[in-house]
2 protein chains.
Amino acid sequence: MQLYYLHADYQMNTKTVTAANTKLINTRQQIVEYSADMLRANGFEGFSYLDISRHLGITKASVHHHFPKKVDLGLALCDWTQDWFEQGLSHFDARATSNWNKLERYVRAAMKHSLNEHKLCPISAFYSDLNKLPDSIKERVKALDDYELDWVTAVMQDGIDNDEFAPNQDPRALASLFIFSCKGALYYARLHGKDLFHQTMKQFEHLLKSS
Amino acid sequence: MQLYYLHADYQMNTKTVTAANTKLINTRQQIVEYSADMLRANGFEGFSYLDISRHLGITKASVHHHFPKKVDLGLALCDWTQDWFEQGLSHFDARATSNWNKLERYVRAAMKHSLNEHKLCPISAFYSDLNKLPDSIKERVKALDDYELDWVTAVMQDGIDNDEFAPNQDPRALASLFIFSCKGALYYARLHGKDLFHQTMKQFEHLLKSS
DNA sequence: GTCTATAGCTAGATAGAC
DNA sequence: GTCTATCTAGCTATAGAC
């Protein structure tokens, strides 16, 4: 009886907490996800608490309840990006049929919806207003960049070691060349369309494998 | 005597007009040049008439006298960029010792002060707030991009024709790969320093000449 | 050409009721 | 957790005096 009572109480508490958490998580998540969309389209300074509140049908004050300062939201967006990135990479590492295929899959994921909706890749989206970002966010962005560069470098290294890519090349320089090309192309695609983007990837593949 | 009088009168008018024009041109030019600096650092939405007025020691209203709407200032910045670009290219075309040297000179000019002052190249600076730009400016930016791409393509073509670059490559795809790499690297350099930038250029040169 | 003054709107942020 | 109300500050832009 006492046990049942405790149990019921526990359930109730759990339920209450769960319900509260669910609501909390939902609103919070909706804020983060809409913000991530806006970030990729317009940069961190390109959307406001008013935009978010209108999209979710709540007030600005409610948004501030979840993220008191905008820098808090910015850091949550860094977390979101990191999750997106880690989940993607483990996926590609498991399924890719070759090193080039890994890069292809990565690019395809980063570009998903980007080309049609004039959005940037999640990591480089912060670069739009880089000079105006708080230092705490800059540091996170830098870490995300390094993480990405490390992964691409490892793919290049493996490709060179296994004679998939041409020998005698610096894998890190190749990796940065690849990343810069992709992101530059994505910037251009917003104004010039995707043809040039695909064409550039093809050219890179040719250079990578035959030089 | 009459002649002298007329001459004097003419001089005076000329002087007045010249002085007025000089002042006009100076203020106007100062606005454009400071705006160009800010554009390259923070994007078109990243500076305001208040910033300009403070920098020049005049009021916002005076800035509006020269550029009634901000889109007018934006179009003037497109003109400024076009001038910068055309002057540069004729300079490189005249002095470069090889096609690769042309590209090197172009990159060096575009990067001048950029790397140390965290600025972007003048053409791609508009990309920071691309989705928020008025259509009239977007069109101008697109035209500037095409102009740049045409020039680099011609350099690549000439390099291939003269056996300076590896044969059997699509000069336009090479050109876009080059441009994307440069601009992507410049974005990165704002946060990661210039080493990666120079390293990437070296890698590109290797790929271009030996593939 | 430059100024003062002002308009209307939006930004990020906070206090306190419910 | 959401609301109303409010704050300070910034934004683009205009009217009209000097």
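By convention in this document, chain letters (A, B, ...) are assigned in the order of the sequence lines, proteins followed by strands, and residues within each chain are numbered from 1.
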When we call it a touch if two heavy atoms are under 4.0 Å apart, what does [X] touch: a base, just sugar-phosphate, or nothing?
{"X": "B:K60", "result": "base"}
{"X": "A:F47", "result": "sugar-phosphate"}
{"X": "A:T59", "result": "base"}

Distance in angstrom units between [X] [atom1] and [N] [atom2], rounded:
{"X": "B:D129", "N": "D:dT12", "atom1": "CG", "atom2": "P", "answer": "12 Å"}
{"X": "B:H64", "N": "C:dC3", "atom1": "NE2", "atom2": "P", "answer": "13 Å"}
{"X": "A:F67", "N": "D:dG1", "atom1": "CZ", "atom2": "C1'", "answer": "14 Å"}
{"X": "A:K70", "N": "C:dT14", "atom1": "NZ", "atom2": "P", "answer": "15 Å"}
{"X": "B:I31", "N": "C:dG1", "atom1": "CD1", "atom2": "C1'", "answer": "11 Å"}
{"X": "B:D72", "N": "D:dA13", "atom1": "CG", "atom2": "C1'", "answer": "12 Å"}
{"X": "B:L56", "N": "C:dG1", "atom1": "CG", "atom2": "C1'", "answer": "13 Å"}
{"X": "B:H65", "N": "D:dC18", "atom1": "NE2", "atom2": "P", "answer": "18 Å"}

(request) Taking the side chain as every heavy atom from C-beta outward, state whether A:T81 and A:V141 have any atom pair closer than 4.5 Å. (result) no
(request) Give the ring-plane orientation class for A:Y127 versus B:H192, where under 30° counts as parallel, over 60° as perpendicular and anything between as tilted. (result) parallel
[X], nearest nucleotide to its side chain (from [options]):
{"X": "A:D51", "options": "C:dA11, C:dT14, D:dT2", "answer": "C:dA11"}
{"X": "B:S62", "options": "C:dA11, D:dA5, C:dC3", "answer": "C:dC3"}
{"X": "B:I58", "options": "C:dT10, D:dT12, C:dT2", "answer": "C:dT2"}

(message) Suppose we call two aromatic rings close when their centres sit under 6.0 Å apart. Are A:F180 and B:F180 close by that rule?
(response) no
(request) Taking only the side-chain nitrogens and oxygens of B:S48, find out if one of them lies under 4.0 Å from OP1 or OP2 of D:dC11. (result) yes
(message) D:dG1, OP1 or OP2 - any side-chain N/O from A:T27 closer than 4.0 Å?
(response) no
(message) Taking atom NE2 as the centre, does B:H91 end up with more than 12 heavy-atom neighbours from other residues, nucleotides or ligands that are less than 6.0 angstrom away?
(response) no
(message) Reading DNA chain C from 5' onward, which residue's closest nucleotide shows up sooner: A:R54 or A:V71?
(response) A:R54
(message) Nearest heavy atom decides the nucleotide; on that basis, is A:L50 or A:K69 closer to the 5' end of DNA chain C?
(response) A:L50
(message) Checking side-chain polar atoms at under 3.5 Å, does B:S176 have a donor or acceptor matched by the opposite partner on A:T200?
(response) yes
